[in-house]
Chemist: 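Have a look at this one before I ask anything.
These numbers come from the heavy atoms of this one structure, side chains and all, not from hydrogens, waters or symmetry mates. Quick note: residue numbers are just sequence positions, from 1.
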Amino acid sequence: YIYPALVVFLHSTSHSKALLRSPVPDLSFHRGNPVQCSSLPLSSMDCSSSKETPPAWWTGETVAVVTGANRGIGHALAARLAEHGLSVVLTARDEARGAAAAAELRARGLPSVRFRRLDVTDPASVAAFASWIRDHVGGLDILVNNAGVSFNEIDTNSVEHAETVLKTNFYGAKMLIEALLPLFRRSSGTSRILNLSSQLGLLNKVRDPSLRIMLLDEGRLTEQEVEAMASRFLAQVKDGTWQDHGWPAVWTDYAVSKLALNAYSRLLAARLRGAVAVNCFCPGFTRTDMTRGWGKRTAEEAGRVAAGLALLPPADLPTGKFFKWSTPQLYSKL
């Protein structure tokens, strides 16, 4: 995607202010040793090499699943997690490309990376993957939903592929989460889901006041209503009326897919509170194959920040939050 993002939502005012003041800790190291990262243009991150790396809460038995990780941000994130010593399951829809991506990381001295094919849009593929995690891995601790698509160029707004976009970015991520939830080792403070989303799916992009009111009413909003919203958009795409209903104006199909993912993430965080933390991350405009090389930062930089969020110490791990880069944002205020 061009604007993938991790979604983190702030429910408590006092906690929100504390989070907004505190940068995500830098967890950069190579095989256990802190590395110099002052050359990276990440002004919001604490990259000082003079600070020691926080003690690791994870071990080599900690399992992280990263979807869509054969290239770009997902590949960089999988590499970073493996460098931290986690057991990483790298997934991709394309068997050959996914296997090659995992082999490349193992050749770099990261033997804990293994590949498993996964198409998040295919229920049979998701079910087979969940069975494999259960039978051959024994469960998981971290899920990073990175797989996603966008078919628009920088300056276009076609909805020709809207069904594929929502099926991958929203429905696929949701289907995988629900399939893997029973397999999480629900250890308080360690089980976590990180959804790559986008600021294009934040409420300030929604021009329909009634839709904004519905999404803001967290006490009444249901997952069924979020799915109905996505279905309504697809129906309007089919009948050609989607431009008349106040949807986000930029990359509309992609934005709606992330709007739905953000809302679902907030509801899921509330449902799983105390068992599995659920957050979203927006890396912003990142240079990847899908952006044709355009962007403000590299996939490696985005992967490093995402890893820092995925590996936050249990005592500092929030849930139901939206991170724009490394900074928590107020969902309704952006």
Side-chain angles (χ1 to χ4, degrees), residues 1-6 24-32 34-42 44-45 47 53 58 62-94 97-116 118 120 142-150 169 173 192-198 279-312 323-326:
Y1 1 72
I2 302 188
Y3 288 92
L6 164 67
V24 174
D26 176 43
L27 297 174
S28 299
F29 67 86
H30 181 67
R31 296 180 182 176
V35 298
Q36 179 68 34
C37 57
S38 59
S39 62
L40 298 178
L42 307 177
S44 60
M45 294 291 290
C47 285
T53 301
W58 60 90
T62 302
V63 175
V65 173
V66 184
T67 68
N70 60 296
R71 62 180 182 177
I73 295 173
H75 189 256
L77 172 57
R80 181 63 63 175
L81 294 175
E83 288 171 359
H84 279 289
L86 284 79
S87 176
V88 177
V89 178
L90 179 157
T91 84
R93 182 176 52 186
D94 186 288
R97 292 177 181 176
E104 186 267 328
L105 292 181
R106 290 193 296 271
R108 283 164 49 181
L110 302 173
S112 66
V113 178
R114 50 187 149 174
F115 167 70
R116 190 71 179 177
L118 172 63
V120 299
I142 301 171
L143 170 62
V144 181
N145 277 307
N146 170 76
V149 296
S150 175
N169 298 358
R192 53 200 61 195
I193 296 170
L194 186 60
N195 292 324
L196 269 78
S197 186
S198 174
N279 295 302
C280 295
F281 167 61
C282 173
F285 194 23
T286 302
R287 296 193 292 276
T288 66
D289 290 345
M290 294 191 70
T291 64
R292 311 296 193 272
W294 291 80
K296 297 180 179 179
R297 52 182 62 99
T298 67
E300 287 69 28
E301 290 168 345
R304 182 168 65 82
V305 174
L309 293 170
L311 296 177
L312 281 170
F323 285 94
K324 180 182 177 183
W325 199 233
S326 61

Chemist: So which atom in H75 and which in L90 form the shortest heavy-atom distance, rounded to 0.1 Å?
Modeler: CD2-CD1, 4.2 Å
Chemist: Among residues at least two apart in sequence or on other chains, which ones pass side-chain contact (heavy atoms from CB on, under 4.5 Å) with S112?
Modeler: A82
Chemist: Quick one: side-chain contact (heavy atoms from CB on, under 4.5 Å) partners of A99, sequence neighbours excluded?
Modeler: F115
Chemist: Would you find a donor on one side and an acceptor on the other, under 3.5 Å apart, between the side chain of N70 and the backbone of T91?
Modeler: no
Chemist: With no hydrogens and no angle check, is any side-chain donor or acceptor of T67 less than 3.5 Å from a backbone partner on A147?
Modeler: yes
Chemist: Between L86 and V63, is there a side-chain heavy-atom distance shorter than 4.5 Å?
Modeler: no
Chemist: Has W58 got a side-chain atom pairing as donor or acceptor with G85's backbone, closer than 3.5 angstrom?
Modeler: no
Chemist: A side-chain contact here means heavy atoms from C-beta on lying under 4.5 Å apart; do V66 and L81 qualify?
Modeler: yes
Chemist: Does the pair R304/E300 count as a salt bridge with the N-to-O cut at 4.0 Å?
Modeler: no
Chemist: Quick one, L77 and V144 - any side-chain contact, counting heavy atoms below 4.5 Å?
Modeler: yes
Chemist: Please check this pair: side chain of R192 against backbone of A310, looking for a donor-acceptor N/O pair closer than 3.5 Å.
Modeler: yes
Chemist: Measuring from atom CG of L118 to atom CZ of R93, what distance do you get when rounded to the nearest 0.5 angstrom?
Modeler: 10.5 Å
Chemist: Can you name the nearest heavy-atom pair linking A299 to A76, along with the distance?
Modeler: O-CB, 3.4 Å
Chemist: Any chance you could measure I142, atom CD1, to T62, atom OG1, to the nearest 0.5 Å?
Modeler: 6.5 Å
Chemist: Salt-bridge test for E83 and R80: reply yes if a basic N is under 4.0 Å from a carboxylate O, no otherwise.
Modeler: yes
Chemist: I'd like to know whether CZ of R106 has more than 12 heavy-atom contacts from other residues, nucleotides or ligands below 6.0 angstrom.
Modeler: yes
Chemist: Got I193 and N145 here, is their nearest side-chain heavy-atom distance under 4.5 Å?
Modeler: yes
Chemist: Please find the pair of heavy atoms, one from L105 and one from A79, that lie closest to each other, and give the distance.
Modeler: CD2-CB, 3.7 Å
Chemist: Atom CZ in R71, atom CG in D94: separation rounded to 0.5 Å?
Modeler: 9.5 Å
Chemist: Supply the atom-to-atom distance L196 CG to F323 CZ, rounded to the nearest 0.5 angstrom.
Modeler: 13.0 Å
Chemist: Got a sec, which residues hit side-chain contact (heavy atoms from CB on, under 4.5 Å) with R114, two or more places apart in sequence or on another chain?
Modeler: S87, V89, W132, V137
Chemist: Does R297 use its side chain to pair, donor to acceptor, with the backbone of P283 at less than 3.5 Å?
Modeler: yes
